[in-house]
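Scroll down for the structure; my scribbles are underneath it.
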Amino acid sequence: MSELIIIGYDDHTVAERANNKVLELQRDFIVDLAGLAVVRVDTDGKRHIDTPGSIVGRSTSSGAIWGAVIGLLFLAPGLGLIVGGAWGALMGKASKAGINRSLRERVDGLLEPGKAALVVMARKVTEDKFSAAMAEFGGTVLKTSLSDADEKELAVELADSQG
């Protein structure tokens, strides 16, 4: 089971500091990352997604799932028009896995111009130590869990939509 944790911040600098802390927590084995990104919104409302290359893409399926999560949460409105039916099927699978419209709307609410969010997808996390370490940064926390079965189903759907 993976944990998807999204923390919204009023400031990009704080999100970057929190990102660095998560990388430190990974080195200390408090979190085992499947994906990590800082999403910031500039004053014009354009979203920018920064991911450390060393985290994403360790395996094809986890990289594909991470890409889908980022797309579903931050790029979905535009992509839906581009890829049509396959995207609709993927959205259905993702909704079953806990990445539904409600979560996407809550994420959108965090990301107003000038704000940022830290997106963490963890295979394993020591909740108490992670929470204590991240508390210094504050922020608004959104969280969902993706079961192993949901992840596998999402990976299969991704493979089918790309094939």
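We count residues from 1, following the sequence as given.
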(request) Find out whether Val39 and Leu111 are in side-chain contact, i.e. whether some heavy atom of one side chain is under 4.5 Å from a heavy atom of the other. (result) yes
(message) Give me the atom names and distance for the closest heavy-atom approach of Ile49 to Ala37.
(response) CG2-CB, 4.1 Å
(request) Salt-bridge test for Asp32 and Arg123: reply yes if a basic N is under 4.0 Å from a carboxylate O, no otherwise. (result) yes
(request) With side-chain contact (heavy atoms from CB on, under 4.5 Å) as the test, would you mind laying out the steps for Arg40 and Asp50 before giving the verdict? (result) CA-CA 8 Å; Arg40 62 184 168 84; Asp50 302 315; 3.9 Å; yes
(request) Look up atom NZ in Lys124 and atom CD1 in Ile30, then write down how far apart they are to the nearest 0.5 Å. (result) 15.0 Å
(request) Indicate yes or no: at least one non-hydrogen side-chain atom of Thr140 is less than 4.5 angstrom from one of Ile7. (result) no
(message) With a 4.5 Å cut-off on side-chain heavy atoms, are Arg17 and Phe137 touching?
(response) yes
(request) Determine yes or no for a side-chain-to-main-chain donor-acceptor pair under 3.5 angstrom, with Asp44 supplying the side chain and Lys46 the backbone. (result) no
(request) Identify the heavy atoms of Lys115 and Tyr9 that sit nearest to each other, and give their distance. (result) CB-O, 3.4 Å
(message) Assess whether a salt bridge exists between Lys143 and Glu127, defined as any Lys/Arg side-chain N lying under 4.0 Å from an Asp/Glu carboxylate O.
(response) yes
(request) Quick one: closest heavy-atom pair of Val31 and Val22, and the distance? (result) CG1-O, 3.9 Å
(message) On a heavy-atom basis, which atom in Leu118 and which in Ala15 lie closest, and how many Å separate them?
(response) CD1-O, 4.4 Å
(message) Are His48 and Asp42 packed together at the side-chain level, in the sense that at least one heavy-atom pair is separated by less than 4.5 angstrom?
(response) yes
(message) Could you report the tightest heavy-atom contact between Ala116 and Asp11, atom names first, then the distance?
(response) CB-O, 4.2 Å
(request) Report the residue from Val107, Val38, Thr51, Ile6 that forms a side chain to side chain contact (heavy atoms under 4.5 Å, CB included) with Val119. (result) Ile6
(request) Look up atom OG in Ser131 and atom CD1 in Ile5, then write down how far apart they are to the nearest 0.5 Å. (result) 7.5 Å
(message) Under 4.0 Å between a side-chain nitrogen and a carboxylate oxygen: does that hold for Lys21 and Asp28?
(response) no
